[in-house]
Amino acid sequence: MAGSATEYIQHHLTHLSTVKQQSIVDFSVFNFDTAVFSILMMALALGLLYMAARKATPGVPGKFQCAVEMLVDMVSEQAKSIVHGDRTFIAPLALTVFVWVAFMNAIDLIPVDLFPSIASAFGIHYLRPLPTADLNGSLGIACGVLILMIYYGIKVKGLKGFNKELFTAPFGNHPLLWPFNFLLNLIEYLAKTVSLGMRLFGNMYAGELVFFLIALLGGLWAGFDGLSIFGVVGHFIAGLCWLLFHILIVLLQAFIMMMLTLVYIGQAHEGH
């Protein structure tokens with residue numbers, strides 16, 4: 001374990017990766033922890049939804065089935081009000097995005113030293129289990145949404161109609177305006193993707209840092225007065241208060257990601 005507070009935070013912010021990142025954009029780096037925990041949370045999300053579908057009964061539903069049905073109804077209503085078209089795939093997609101992002105975000109509610117300590121016992125010195133606090137993870141989800149936006153734009157309008165809109169909207173179809181229209185649409189797609197990923201990353205990264213600081217606060221109190229009642233109770237209260245507040249952030253960010261996914265795909269169904 002690192003000695004100073006700075007070393008402690010740097011240690012917990014270091015990924016289990018192939019090589020050390022040298023620049024902001026470095027495609028030679030692969031973060032194993034982000035990939036593994038993302039896949040695990042996806043498997044858990046799909047497993048729970050599949051189990052709920054398998055155990056669904058036409059009679060009086062149990063608590064688990066009732067909770068899933070309420071979630072499905074909420075997502076379906078949102079999809080119906082935003083996307084005007086075939087929602088056979090879109091509504092389940094939005095449900096998957098919400099549950100998957102919520103599960104990944106919920107990793108932040110687990111004590112910050114638990115997973116790194118377990119990994120250390122197996123000789124793994126660095127482990128950062130929160131995928132959405134890694135810009136690669138959040139931008140990866142955003143890039144997936146971008147691909148779906150383009151896919152549905154082509155599916156609904158056809159390749160010819162999609163390209164026509166790309167070059168003629170919003171200023172008009174005069175040939176001299178084509179470069180400006182294309183550039184503006186390109187910037188719009190890029191801005192949607194970056195803002196979608198950065199919003200999730202920024203909120204979860206900040207929440208992760210606060211948990212690190214609370215953990216350090218407990219160690220600071222213990223250093224001042226040992227394992228006193230004041231230190232233990234103060235640390236517990238600080239952690240509990242942020243935990244309860246962070247639960248709202250975890251769910252809110254998953255909901256925002258789901259809603260923006262629906263909004264962007266809904267816009268792909270409509271013309272300028």
Side-chain angles (χ1 to χ4, degrees), residues 9-10 12-18 20-42 45 75 78 82-83 90 93-109 112 127-153 182-213 242 245-268:
I9 293 177
Q10 287 178 344
H12 280 71
L13 290 178
T14 303
H15 288 280
L16 175 62
S17 56
T18 51
K20 185 177 180 180
Q21 187 167 337
Q22 302 295 331
S23 60
I24 296 178
V25 179
D26 190 349
F27 292 104
S28 66
V29 179
F30 182 84
N31 295 333
F32 292 106
D33 41 17
T34 297
V36 169
F37 281 97
S38 297
I39 294 171
L40 287 176
M41 292 302 101
M42 172 61 81
V75 174
Q78 297 296 335
I82 295 174
V83 182
I90 296 173
L93 166 69
L95 177 65
T96 304
V97 168
F98 176 80
V99 177
W100 183 33
V101 174
F103 279 11
M104 287 192 292
N105 290 350
I107 294 177
D108 205 19
L109 304 177
V112 295
L127 185 71
R128 194 177 176 192
L130 184 58
T132 47
D134 179 8
L135 189 56
N136 299 287
S138 57
L139 278 181
I141 300 173
C143 288
V145 175
L146 172 64
I147 293 172
L148 290 171
M149 289 164 53
I150 297 173
Y151 167 77
Y152 276 101
F182 177 75
L183 181 61
L184 187 63
N185 284 303
L186 193 64
I187 293 174
E188 180 183 352
Y189 278 114
L190 182 62
K192 287 178 178 178
T193 304
V194 173
S195 63
L196 187 64
M198 289 296 293
R199 180 182 291 105
L200 178 61
F201 162 74
N203 281 276
M204 299 313 300
Y205 183 82
E208 185 183 40
L209 282 180
V210 172
F211 276 119
F212 292 157
L213 294 175
W242 181 246
F245 176 72
H246 202 59
I247 291 174
L248 299 177
I249 298 177
V250 164
L251 296 176
L252 179 62
Q253 290 306 312
F255 180 77
I256 291 175
M257 178 64 73
M258 178 201 75
M259 289 297 295
L260 289 178
T261 299
L262 287 174
V263 168
Y264 293 160
I265 294 179
Q267 290 175 347

Value rounded to 0.5 Å, distance of CZ in Phe182 from CD1 in Ile187 = 10.5 Å
So do the side chains of [X] and [Y] get within less than 4.5 Å of each other, counting heavy atoms only?
{"X": "Thr14", "Y": "Arg128", "result": "no"}
{"X": "Asn105", "Y": "Leu200", "result": "yes"}
{"X": "Phe32", "Y": "Leu127", "result": "no"}

Does the [X] side chain pair with the main chain of [Y], one donor and one acceptor, at a distance under 3.5 Å?
{"X": "Ser17", "Y": "Asn31", "result": "no"}
{"X": "Ser38", "Y": "Met104", "result": "no"}
{"X": "Asp33", "Y": "His15", "result": "no"}

Specify the closest pair of heavy atoms between Ala35 and Phe30, including all atoms of both residues, with the distance to one decimal.
-> CB-CZ, 3.7 Å
Mind running side-chain contact (heavy atoms from CB on, under 4.5 Å) on Arg199 and Gln253 for me, showing each step along the way?
-> CA-CA 8 Å; Arg199 180 182 291 105; Gln253 290 306 312; 3.9 Å; yes
Do the two ring centres, one from Phe103 and one from Trp100, sit under 6.0 Å apart?
-> no
Apply the test side-chain contact (heavy atoms from CB on, under 4.5 Å) to residues Asp108 and Phe211: give CA-CA distance (whole Å), side-chain angles for both, the deciding distance (0.1 Å), then the verdict.
-> CA-CA 8 Å; Asp108 205 19; Phe211 276 119; 3.8 Å; yes
Exactly one of Val250, Thr132, Leu130 clears side-chain contact (heavy atoms from CB on, under 4.5 Å) with Ile107, and that residue is Leu130
